[in-house]
Number of protein chains: 2
Amino acid sequence: MIRLSKKVEYGLIAIRHIATKPAGEIVTAKEIADTYGIPYELLSKVLQKLTKSGLIASHQGMRGGYALARPPVEIPVSLIISAIEGTRQAIVQCLSEGPQTCTVFTVCTIKSPLTKVQANIERAFSTMNLSEIV
Amino acid sequence: MIRLSKKVEYGLIAIRHIATKPAGEIVTAKEIADTYGIPYELLSKVLQKLTKSGLIASHQGMRGGYALARPPVEIPVSLIISAIEGTRQAIVQCLSEGPQTCTVFTVCTIKSPLTKVQANIERAFSTMNLSEIV
DNA sequence: TTAATATACGACCGATGTAGTCCACTTTCA
DNA sequence: TGAAAGTGGACTACATCGGTCGTATATTAA
Ligand code: SF4
Ligand code: SF4
């Protein structure tokens, strides 16, 4: 099916929440979890992935938390998704895990049109940046 | 993740295969399965769903099989997908299973932009019909 | 120095969905 | 009448998903 994972949704909600704060202000995972009723541990994982991919910056220790690592305009939604979903970010297997992973690749007659659809979707996500959803 | 199921891919390959034949010609599930190396039983299920939704017509008994039920131009890809995937055809839960199924719906801040993305994707699939992928 | 608060990370679990298989049944035609 | 075809349900193995738990580490306020 075509479905965003909850992790991605939580990530979008969280990073948007951070973006609504004055630039540089630090927000804790707990605050976000409480605000939206998101499981704290799960949200933490998501924020850690966003941190590792450089979209947000973490501050450890007491009075720590997260802040945006760049201006919202420079954070397209596509980057948020790919930061959270490791592989599997394409609508078909051959486009994300490689052609040889699909057993019917050589005779498949639909990969060409689906590649166009994929490009369409990618464009939709990469042209939308964080500043547009706050 | 955003991924088409194998059933949908098989359905697309199959219905496209049928569409390449002269109009009205009957194709068996076995022929399609053999041609593309798709598991026969699984393909049968998919073809049955396409039949129930009226996209293809089945002919039972010996020398039976499947043929298109309408001209290819009148079969948008979106219909093929929704015929095979029952529910879960939206990128987020609240758009396909209803708002109250998501625990954070009332405080969710991203449903509005994601609804736009959904509309974008739907348009991509509904404007593409079978005649364009043969 | 220490206690409190916060992130980092990996292991784990149950529920659900996916891909595929199996089998019994019905329909149709040669 | 029997072979060939679709119909339909149950079933399995596996992967993923959503979520939880425990522990380690970093930072800072007291
Ligand atoms: S080759 Fe065809 S069937 Fe295989 S993953 Fe790509 S689009 Fe799907
Ligand atoms: S309400 Fe928000 S979090 Fe819930 S399914 Fe819709 S978009 Fe996702």
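Because only heavy atoms are used, hydrogens play no part in the values below, and waters and symmetry mates are left out as well, while side chains stay in. Chain identifiers are assigned alphabetically (A, B, ...) following the order of the sequence lines, protein sequences preceding nucleic acid strands; residue numbering begins at 1 within each chain. Since we're looking at a predicted model, the values are computed, not measured.
- Summarising the geometry, the separation between CG on A:Leu50 and C1' on C:dA8 is reported as 14 Å, rounded to the nearest angstrom.
- If you check every strand for non-hydrogen atoms under 4.0 Å, A:Tyr40 touches a base.
- Remark: the B:Lys49 side chain and the D:dG8 base include no donor-acceptor N/O pair separated by less than 3.5 Å.
- In this structure, CD1 of A:Ile38 is placed 9 Å from P of D:dG19, rounded to the nearest angstrom.
- Here the side chain of B:Gln60 is nearest to one of C:dT27, C:dG10, D:dG19, namely C:dT27.
- Closest heavy-atom contact between A:Gly54 and A:Ala69: O-CB, 3.5 Å.
- Whole-Å rounding puts the A:Lys52 NZ to C:dT7 C1' distance at 13 Å.
- Rounding to whole angstrom units, NZ of residue B:Lys6 and P of C:dT18 are separated by 13 Å.
- When distances are taken from the side chain of A:Tyr66 to each of D:dG6, C:dG20, C:dA8, the shortest belongs to C:dA8.
- Taking atom NZ on A:Lys7 and atom P on D:dG19, their separation rounds to 10 Å, with Å as the unit.
- In this structure, A:Glu97 pairs ionically with B:Arg3, as a charged nitrogen and a carboxylate oxygen lie closer than 4.0 Å.
- Other residues, nucleotides and ligands place no more than 12 heavy atoms under 6.0 Å from the NZ atom of A:Lys7.
- Considering only the side chain of B:Glu41, C:dT21 comes nearest among C:dT21, D:dG8, C:dC9.
- Where A:Thr103 and A:Gln48 meet DNA chain C, the nucleotide closest to each residue was compared, and A:Gln48 sits on the side nearer the 5' end.
- If you measure from atom CE of B:Met62 to atom C1' of C:dT27, you get 13 Å, rounded to the nearest angstrom.
- Within the cation-pi definition used here (under 6.0 Å to the ring centroid, within 45° of the axis), A:Lys111 qualifies as a partner of A:Phe105.
- When rounded to the nearest whole Å, the span between NE2 of A:His59 and C1' of C:dA6 equals 12 Å.
- For B:Ser58 and D:dT7, the shortest distance from a side-chain N or O to OP1 or OP2 is below 4.0 Å.
- The existence of a salt bridge linking A:Lys116 and B:Glu132 is excluded, since no basic side-chain nitrogen approaches an acidic carboxylate oxygen closer than 4.0 Å.
- Separating the CG atom of B:Leu42 from the P atom of D:dG6 is a distance of 15 Å, rounded to the nearest angstrom.
- A donor-acceptor contact under 3.5 angstrom links the side-chain atoms of B:Lys45 to the base of C:dT21.
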